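Take a look at the structure set out below.
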There are 2 protein chains.
Amino acid sequence: MELSDRKKKILQFVVDDYIETAVPVSSKSLTERHLSNISSATVRNELFALEELGYLTQLHTSSGRVPSAEAYKLYVSDLMVKDKLSVKELDYIKKIFLEKADNLEEVIKSTTKIISELTSYPSVGLKSKDSGEKIENIKFFRFKKDQALVIIVTEYRLLKDNYISVPEGMTDEQLSDAEKVLSNMFSGKNFEEICNLKPELQDDFMGYKNIFVNVIEALKVYLQASEGDVVMEGEDKILQHPEYADINKIQNFLSVVTSKDKMMNLLTEDGKDIKINVKIGTDGYDEIPADCSVVTATYTANGNKLGTYGVIGPIRMDYQKVVAVLENVGKVLESILSKR
Amino acid sequence: MELSDRKKKILQFVVDDYIETAVPVSSKSLTERHLSNISSATVRNELFALEELGYLTQLHTSSGRVPSAEAYKLYVSDLMVKDKLSVKELDYIKKIFLEKADNLEEVIKSTTKIISELTSYPSVGLKSKDSGEKIENIKFFRFKKDQALVIIVTEYRLLKDNYISVPEGMTDEQLSDAEKVLSNMFSGKNFEEICNLKPELQDDFMGYKNIFVNVIEALKVYLQASEGDVVMEGEDKILQHPEYADINKIQNFLSVVTSKDKMMNLLTEDGKDIKINVKIGTDGYDEIPADCSVVTATYTANGNKLGTYGVIGPIRMDYQKVVAVLENVGKVLESILSKR
DNA sequence: GTTAGCACTCAAAGGCTTCAAGTGCTAACT
DNA sequence: AGTTAGCACTTGAAGCCTTTGAGTGCTAAC
């Protein structure tokens with residue numbers, strides 16, 4: 001059933017006011033603030049109807065109304081007026097990115113910092129391990145007799161955190177030869193393609209199968225590793241919001257938020273083409289507490305998904321602000337990432 | 001004035017009990033738990049004397065006694081009985097270090113994780129940028145026309161986070177030649193010595209002065225950079241302690257603890273030979289709230305200070321446990337770090 | 001369909017009393 | 001001199017009651 005225009009308007013005001021004040025909204029305050037042309041009794045009738053429809057709830061009979069998860073959903077999809085950032089805020093975004101945006105790690109850190117700062121919610125960033133990008137080059141740097149650092153250059157970045165063990169007796173010349181062979185073999189392929197290469201089918205190994213196997217092994221471990229790519233910022237900002245006045249709630253929230261695994265799951269989305277993804281209440285994600293919302297966005301470069309960033313906070317979240325910040329950050333990110 | 005043996009004993013019991021229960025300690029509970037041979041009235045007289053001496057305070061006339069900062073200091077230096085870890089705890093330490101201790105970053109992360117887990121306080125780790133170690137080797141990896149990654153091998157670790165810009169028109173051969181020249185020049189020196197090299201006095205540059213200057217510049221930036229080397233773990237553990245039942249206190253604590261600058265200052269010690277460093281209350285360190293304590297230790301390998309690790313928590317901290325954990329972690333660390 | 005009016009509900013705040021833990025002091029005891 | 005029993009005194013914490021006022025739902029009139 002479609003809501004009447006007036007019901008929509010009233011629901012919007014209720015959500016607006018509740019987000020702003022965190023206090024259950026009464027019929028009187030609605031008429032005073034937004035609806036001076038109708039009486040509070042009329043508003044009460046409408047509120048009653050909206051409650052019947054499942055959009056509003058009451059804590060007790062004589063309290064004002066609070067939006068339900070359904071109401072927030074409708075609010076975000078239909079009712080909410082899009083917010084614009086101030087010039088100051090836009091400048092802040094640019095400033096931070098100017099200071100630190102040399103590589104993907106820094107971009108993510110800057111992103112989370114900006115988002116958390118501007119929205120005053122904890123923010124999360126997740127670097128995709130595999131964005132489907134193509135490998136350009138691979139290089140070994142031997143720093144001990146039996147160990148070498150693997151450096152991989154891709155379209156967008158430099159991977160330099162993988163190590164392989166070098167077979168005993170292998171000379172430096174052989175290793176640099178292996179480097180050339182593998183570089184040739186890998187170049188132009190993406191990670192998935194490389195990991196699916198069957199060593200037994202390749203006859204251009206020139207005797208470097210052992211190195212190949214080690215590299216693939218290291219890559220697989222790297223791609224699977226779950227921790228370490230989640231960045232959080234401003235966890236303590238959650239304390240500023242009145243719904244977290246209770247130690248148990250804080251504890252519960254922080255225990256979830258500091259668990260990198262759970263955050264990974266939450267952010268690793270079936271990345272459809274949606275630009276901004278809003279999860280309100282549990283929504284079937286049992287990783288987060290039922291009274292939380294998560295708003296995320298993805299950054300992509302030429303169709304490759306480089307990562308996810310977003311905000312986690314109470315269901316009574318300032319969606320206008322959050323969406324505006326994410327959108328603007330997204331725009332700046334796009335220009336930064338496509339610059340290279 | 002030296003305390004009588006009985007006063008010391010009583011003060012020890014008061015601190016023990018207060019650390020355990022977080023409840024002001026009464027004369028009655030002392031006689032019941034520890035001093036069945038004397039009466040509570042006698043204990044009261046002693047408590048009164050200890051209060052006069054500044055070791056104990058009362059919240060109000062009819063409450064039990066709480067140790068003062070002075071009392072904690074005496075407790076740690078003189079009164080406290082050293083704790084031993086259980087086999088389970090020792091195994092846990094070994095297990096974590098076995099899993100992750102390949103490089104200094106991982107060692108620090110593992111350290112903070114272990115400490116926070118075993119003590120249930122937030123823990124901090126700080127990697128020294130310059131431990132006085134000697135450089136063995138330097139290598140360039142060019143990944144763009146005008147940019148190269150600088151890899152530096154030292155006695156203890158591999159630095160691979162510095163980049164230099166490569167002068168226009170420099171060929172790969174010239175770059176690898178420069179690599180040899182600089183490697184020769186740097187090898188056996190420590191960072192300080194290298195940064196003090198005067199380019200105008202070196203005549204073995206063979207024309208690579210520009211690269212030299214770039215490398216030194218990058219190194220100086222790296223050595224000065226303040227953030228990024230502080231690792232924290234278990235910030236949320238602070239919520240488990242009853243003194244942080246108040247949101248404002250939590251907020252205050254977290255705002256300090258999440259400020260990497262402040263943590264840096266706190267951990268960057270005039271590293272004397274003290275193995276374990278205990279700061280109780282402010283102690284003149286205005287970085288931390290007055291009701292906090294910080295216990296730290298340094299890890300060194302062959303006289304080089306590789307970093308600092310420790311615990312930050314309420315002044316009513318379980319010093320026995322914390323000191324025991326830090327000491328044991330220290331022992332394992334020593335064996336790990338000197339293995340290489 | 002709208003609105004004034006009114007009875008009803010209920011959490012929050014304040015005041016009051018009671019309770020119990022704990023001290024400090026005094027006087028007696030060893 | 002040091003120790004102890006006994007007791008008056010202090011004080012926060014807990015429980016109970018009342019008051020207050022914001023807010024609703026319903027009814028009857030417009």
Side-chain angles (χ1 to χ4, degrees), chain A residues 1 3-11 13-15 17-18 20-68 71 242-243 245-247, chain B residues 1-11 13-15 17-18 20-68 71 242-243 245-246:
Chain A
M1 166 198 152
L3 295 179
S4 73
D5 281 356
R6 193 169 71 178
K7 282 201 178 56
K8 280 190 183 174
K9 211 71 198 154
I10 290 179
L11 187 54
F13 290 138
V14 172
V15 180
D17 285 9
Y18 188 64
E20 187 188 330
T21 63
V23 171
V25 181
S26 74
S27 55
K28 196 179 150 215
S29 73
L30 283 170
T31 53
E32 277 170 2
R33 297 190 61 174
H34 311 284
L35 298 158
S36 47
N37 51 330
I38 53 178
S39 82
S40 67
T42 311
V43 175
R44 273 205 291 286
N45 289 333
E46 295 285 52
L47 291 178
F48 184 86
L50 285 166
E51 185 170 350
E52 294 280 279
L53 292 167
Y55 290 111
L56 296 176
T57 52
Q58 276 181 302
L59 302 176
H60 53 267
T61 11
S62 71
S63 82
R65 258 91 175 185
V66 168
S68 69
E243 31 268 276
D246 173 22
I247 301 277
Chain B
M1 165 194 150
E2 182 68 5
L3 294 179
S4 72
D5 281 358
R6 192 169 72 179
K7 281 199 178 59
K8 280 190 184 173
K9 209 73 198 154
I10 290 180
L11 186 55
F13 289 139
V14 172
V15 180
D17 285 9
Y18 188 63
E20 187 188 331
T21 63
V23 170
V25 181
S26 74
S27 54
K28 196 179 151 214
S29 73
L30 284 170
T31 54
E32 278 170 0
R33 298 188 61 174
H34 311 285
L35 298 159
S36 48
N37 52 329
I38 54 178
S39 82
S40 69
T42 310
V43 174
R44 272 204 292 287
N45 289 331
E46 295 285 55
L47 291 177
F48 185 84
L50 284 166
E51 185 170 350
E52 293 281 279
L53 292 167
Y55 290 112
L56 297 176
T57 52
Q58 277 180 303
L59 302 177
H60 54 268
T61 12
S62 72
S63 82
R65 258 91 176 186
V66 168
S68 69
E243 31 267 276
D246 173 23

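Per chain, numbering begins at 1; letters A, B, ... match sequence-line order. In this text the structure is predicted, and so the values were computed from the model without any measurement.
Protein atom NE2 of B:H60 is 14 Å distant from nucleotide atom C1' of C:dG24, rounded to whole Å. Atom CD in A:E52 sits about 12 Å away from atom C1' in D:dG25, given to the nearest Å. A straight line from CD of B:E46 to P of C:dG24 spans 13 Å, rounded to a whole angstrom. If you take CZ of B:R44 and P of D:dG6, they are 12 Å apart, rounded to a whole angstrom.
Side-chain atoms of B:A41 lie closest to D:dT4 of the nucleotides D:dT3, D:dT11, D:dT4.
Counting any heavy atom pair closer than 4.0 Å across all strands shown, B:L59 reaches no nucleic acid atom. If you check every strand for non-hydrogen atoms under 4.0 Å, A:S40 touches nothing.
When atom types are taken as modelled, the side chain of B:S68 and the backbone of B:G54 share a donor-acceptor pair closer than 3.5 angstrom. B:T21 contributes a side-chain N or O that, together with a main-chain N or O of B:D17, makes up a donor-acceptor pair within less than 3.5 Å.
Contact between the side-chain N/O atoms of A:Q58 and the OP1/OP2 oxygens of D:dG25 is found at a separation under 4.0 Å. An OP1 or OP2 oxygen of C:dT2 is reached within less than 4.0 angstrom by a side-chain nitrogen or oxygen of A:R6. Taking only side-chain nitrogens and oxygens, B:S26 comes nearer than 4.0 Å to OP1 or OP2 of C:dG22. At D:dC9, none of the side-chain N or O atoms of B:T61 fall inside 4.0 Å of OP1 or OP2 (strictly under the cut-off). The side chain of B:S62 contributes no N or O atom lying less than 4.0 Å from OP1 or OP2 of C:dG22.
Each of B:R44, B:E46, B:E52 was scored for a side-chain contact (heavy atoms from CB on, under 4.5 Å) with B:F48, with one residue passing: B:E52. When each of B:V23, B:L56, B:V66 is paired with B:Y18, the side-chain contact (heavy atoms from CB on, under 4.5 Å) condition holds for B:V66 and for no other.
Few gaps surround CG on A:N37; more than 12 heavy atoms of other groups in view lie less than 6.0 Å from it.
For A:S39 against C:dT3, no side-chain N or O and base N or O form a donor-acceptor pair under 3.5 Å.
A salt bridge links B:E2 to B:K8: one of the charged nitrogens lies within less than 4.0 Å of a carboxylate oxygen.
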Legend entry - Dot-bracket encoding per residue of DNA chain D, Watson-Crick/G-U cut-off under 3.5 Å, | denoting interstrand: ||||||||||||||||||||||||||||||
